[in-house]
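Remarks on the structure that follows.
We name chains A, B, ... by the order of the sequence lines, and we start the count at 1 in each one.
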Protein chains: 4
Amino acid sequence: MTEIITYTPSPPQFAYTFGGRPPVAQIKPGTLVAVFTEDCFGGAVSDVDTLPTRVCTMPYLNPVSGPFFVEGAEPGDTLAVHFAAITPARQWGVSTTFPHFGALTSTSHTATLQAPLEERVWIYDLDPVAGTVRYRARNSDYVVDLPLDPMHGTVGVAPSGFEARSTLTCDTHGGNMDTPELRAGTTLYLPVFVHGALLALGDGHARQGHGEASGVAVETAMYTTLTVEVIKGEVNAWPRIESDDAIMSVGCARPLEDAFRISQDDLVRWTAELTGLDLLDAYQFVAQAGQAPVGNVCDPNYTMVAKIDKRYLRGAVPYGGAHQRLRQLCQFGIEPGPV
Amino acid sequence: MTEIITYTPSPPQFAYTFGGRPPVAQIKPGTLVAVFTEDCFGGAVSDVDTLPTRVCTMPYLNPVSGPFFVEGAEPGDTLAVHFAAITPARQWGVSTTFPHFGALTSTSHTATLQAPLEERVWIYDLDPVAGTVRYRARNSDYVVDLPLDPMHGTVGVAPSGFEARSTLTCDTHGGNMDTPELRAGTTLYLPVFVHGALLALGDGHARQGHGEASGVAVETAMYTTLTVEVIKGEVNAWPRIESDDAIMSVGCARPLEDAFRISQDDLVRWTAELTGLDLLDAYQFVAQAGQAPVGNVCDPNYTMVAKIDKRYLRGAVPYGGAHQRLRQLCQFGIEPGPV
Amino acid sequence: MTEIITYTPSPPQFAYTFGGRPPVAQIKPGTLVAVFTEDCFGGAVSDVDTLPTRVCTMPYLNPVSGPFFVEGAEPGDTLAVHFAAITPARQWGVSTTFPHFGALTSTSHTATLQAPLEERVWIYDLDPVAGTVRYRARNSDYVVDLPLDPMHGTVGVAPSGFEARSTLTCDTHGGNMDTPELRAGTTLYLPVFVHGALLALGDGHARQGHGEASGVAVETAMYTTLTVEVIKGEVNAWPRIESDDAIMSVGCARPLEDAFRISQDDLVRWTAELTGLDLLDAYQFVAQAGQAPVGNVCDPNYTMVAKIDKRYLRGAVPYGGAHQRLRQLCQFGIEPGPV
Amino acid sequence: MTEIITYTPSPPQFAYTFGGRPPVAQIKPGTLVAVFTEDCFGGAVSDVDTLPTRVCTMPYLNPVSGPFFVEGAEPGDTLAVHFAAITPARQWGVSTTFPHFGALTSTSHTATLQAPLEERVWIYDLDPVAGTVRYRARNSDYVVDLPLDPMHGTVGVAPSGFEARSTLTCDTHGGNMDTPELRAGTTLYLPVFVHGALLALGDGHARQGHGEASGVAVETAMYTTLTVEVIKGEVNAWPRIESDDAIMSVGCARPLEDAFRISQDDLVRWTAELTGLDLLDAYQFVAQAGQAPVGNVCDPNYTMVAKIDKRYLRGAVPYGGAHQRLRQLCQFGIEPGPV
């Protein structure tokens, strides 16, 4: 029977960087890990009258749970992280505007002399049974139910080169990728840069539009069940995702076309490797068959995903079947909920 | 009964700019127009041994059929163009690499000192009955059938400000938008800048991946049936698209985040107008409910589309129901094929 | 003795595009041409209470004088345009903010939901004798004299590919480059795309900061004396500039790094050609010895200039000495002033 | 008499991050500090046959000397670092191409499928007496002397938010800014994020072209003499530089226009503060009077500098005269050389 370990951090235990922190626990490949994660505001914004800038202080934004020391993970390996379940831990989610943050405002970097947009808070009702996220306008009676589609915005390992990076950004180590593709049922492949990998995660979204244009998704605390595998001696420059149906490469960069280039370039090379196509044949193939889901266009690094359906890959199995193995391992009666 | 006019240009009749050309025909709103369009190479690349740079000469690339003078269209109006059918006129399509063009190569503008990639041609088999586009690798025996999904890369009107713009680029007048969203069954809304609008179209794609990463889709000649309506006294800064299920705003720009910003900003404002939401409520709503299909990341201007499902708009009807009207008008026995 | 022809357009004679217009006059290489150019507002903003958006209507912004048909200029040639004198035609210049235009505001393309900055006008006193441009704050008594440094923001020919381009933008045909390097005493090299080249110019600046951050320089009408030479059978992809001391390549693009890449790439190749260095040696050389004056970071295309001192080129003479020839030709008693 | 402390690290003492390292020494404001810094290759590339990729291993690139704990520096203060002397410690400098790094090649982020440029090394002769840096072509006999103009590419403090950042990048904490403006005689103002500031520096350049287009300047070891002052309770978001003649704001970001925007926005606000101009008057003023020296267009973050001459500021004195004070303090007989 599969072992389960649970981890529910208290507020002082949250981390705000990848790297630069000692591990909070050690996990064995194949063990199920049930983790509680807080929302990006640390749970501090729970009604529409509480403005984030009043209750949150930099750098105490976007807390992550972890880091976990993964047994057997060494630099040069790949860490496969499979998400068995991602379940909202509350019946509400929160979104806000935040001064000079988001795609449709000037920011600290796209600096202008204009005044910031109004800071405003929206509270969403989450209904796991109906599978909905309820939007309520603040200045009218407009109410719409959107599909619940839980995901983690932020999952990563300790970065390379002795760096410690804010949980607000993403890069080759993963981090704040903010792509809706990171749902339950997928496997995330991350390069291992340090002894033990030091995996951490947080920033649950009940759902997120493409691009996270307002800078903040429907943020909520999560109960998440995951398991990991260490793929020895194989490593890729950038994060990758595998679902039952597709393989995906993740690019994190500014400007947005570089995030696109990174993700497409990686998917072309991965496809070539999996299919035996030469590089130009793979380029042509991905260019016609590929998708390009937008992750975020608001964070310090933007995220683009390059994606191709597995049915076009004629049976190729990435990473020696890690995804299938982890998926199966997790099907021994995972029930999401308080842990 | 609906009138049908047909237009099949001979080679010297193709246009290579939007604007700067006299109309080739006059069309009445409500008339069905059946148009033949050539592929982006003017049909000159029909086997794998014919390299585009040998047989094509700038600026004779990406020919469009038209322009058509639309009766009653005046500056300040919107031209609604409904695509009843977009049908490949050949049983093959072509794609290529092209020196210093595409997303995964340096280009004339992202200039580097590196040698260009090899120029290579792929011929695809189109099977309208099976609904497939067959990819064949050049340097291996890899063969995969992809879904046939015909669209026009290039549809536009004469630009504003006395400009004439190459059919290779896109902007507020439409043009080479290269978004897979421009399928049969959709209505494209274009701002009218000159008397008669001067609509033209071309650049049929049997299918296109997101971003058109290699710079060239599965290019083919098309038989296309469309009809138009003039929406008087109403005009938007950028092109918009409506399907049965969604409304979309199109942004054309570099860098890619500006194309994203334009499209999202326009969709936020359009949504606010259709729903009565104030601007910030609409921003929040679109940010959670919206999609962001990537158009092209290879042309002189990149294209991003911002999209929202109509079911979230509580019955709002854009442009006084132009899409429904045009769609219905076209259902009187349109049969695609040689005209 | 050198012939002089003068051209002072009346308001209806101004052009607002490069291309798409018949020539207003024919000029012979070697002839001195004395041209009056209006400011970018057509002279309509002459006091601080006249807001541009009240008195200017799109597309009637940035008028140019011309186009001039240059005898002997054919596609594939280079047009050398030497500026003998650029002299303010008025004792005042004007600058303004303009809603959603400029580097430190969101714009039509870097679209945000924020309100535009206040529209405000500044009138500068030009003193040709003292060589100063006097800045006066609007909301305080701050007054500073800056050096008078007259230049043309906009000089170009008809574009390639049957295009007509707004005088607000720049590209391979020149146009609204807005670089302070285009002073009297320099020679501008432009590719010829159409029979007669169709040269036009305008947008005089009494001075301009690097980047033209506010979107508008110290705009003024100019009396300008120039002469041209046609360099047969030699053509470059982008505009180039030569002064007594330096050679320069001009890149026009977005994002700004692409304008940088174009200009540096072109200067590396030009330097290789002039010095016999191989491409990599020239790259290294320009990278250590080169300068990169910023042109504009506000127009539809940004401009970067790559520049290298002639003293590092060991006597190499570009374009067979065209600059020296034209400079000498102009020294026969040019006196700037009303023509 | 002014106290002098010297610091010459041995190889294992070099740091490769800002932040994440304990201090190597404690320095008092007003003390002269004489520091030896290695070149960006750690001195390992000393002849043209030694390729960097053969002798350097990531992340052991761009070593810095330090960090130094500055007495009295607390978060919320500004650290003023005055460079009294920056003197080459060797008679040679080195530059190279580096695979997929630099402005005129595709890179890890501007990813393409093209082969990298050839890796090549150039050795320069430095002549402090003649004040020259001698360029020698590798594939011809082209030799040119360029002016010696020593500077530090990399100077910074520990970043905010518990981050540790590679010495290869720059951000609000300074770091690898690579601007030629950081010469001897200038004062750099850095925000203090941690107790003791933790100042470090390295990456000496005998000279650097604007933009550092090839990715590598004329790299050399340096003997540098500096002194610091802590400006209490005053802090700016971004690095600033002051020389005898000018004040400058530094922006580090991608894309390049964001680096431009940051630097201009900061200079506008700083100018407003120093002159009493309102924000729009300051914007107009800087836009006409300002300069925009390009720093680097090759590192993970690009650098732009916004600069304005002090003579236009009517006697305003930034930071209470820190620059003058530090400059004077250093004039008590600083002699550069081995320490």
Side-chain angles (χ1 to χ4, degrees), chain B residues 51-53 95-122 135 137-140 142 209-217 251-262 264-265 294 296-304, chain D residues 51-53 95-122 135 137-140 142 209-217 251-262 264-265 294 296-304:
Chain B
L51 297 185
T53 54
S95 191
T96 78
T97 47
F98 196 90
H100 291 309
F101 187 72
L104 297 187
T105 171
S106 58
T107 67
S108 58
H109 285 66
T110 304
T112 79
L113 301 173
Q114 292 160 294
L117 297 173
E118 178 200 330
E119 190 176 356
R120 195 185 285 182
V121 175
W122 293 260
Y135 165 84
R138 287 293 310 280
N139 282 344
S140 71
Y142 204 86
H210 294 175
E212 207 182 1
S214 67
V216 184
C252 301
R254 285 195 180 198
L256 191 55
E257 50 261 52
D258 273 3
F260 178 82
R261 284 180 184 119
I262 291 167
Q264 296 281 326
D265 179 84
V294 178
N296 88 75
V297 192
C298 60
D299 296 325
N301 279 331
Y302 302 143
T303 300
M304 293 290 295
Chain D
L51 297 184
T53 55
S95 190
T96 79
T97 47
F98 197 89
H100 291 308
F101 186 71
L104 297 188
T105 171
S106 58
T107 68
S108 58
H109 285 65
T110 305
T112 79
L113 302 173
Q114 292 160 292
L117 297 173
E118 178 199 331
E119 191 175 356
R120 196 185 285 182
V121 174
W122 293 260
Y135 165 84
R138 288 293 310 281
N139 282 343
S140 71
Y142 204 87
H210 294 174
E212 207 180 3
S214 66
V216 183
C252 302
R254 285 196 180 198
L256 191 56
E257 50 262 52
D258 272 3
F260 178 82
R261 285 180 184 120
I262 291 167
Q264 295 282 326
D265 179 84
V294 178
N296 87 75
V297 192
C298 60
D299 296 324
N301 278 332
Y302 302 143
T303 300
M304 293 290 296

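Of the inter-residue distances, the one linking D:Glu118 atom CD with B:Leu113 atom CG reads 12.0 Å to the nearest 0.5 angstrom.
Here the closest non-hydrogen pair linking D:Leu104 and B:Thr112 is O-CB, 3.3 Å.
The part of B:Glu257 that comes within reach of chain D is its side chain, from C-beta onward, which places non-hydrogen atoms under 4.5 angstrom from that chain.
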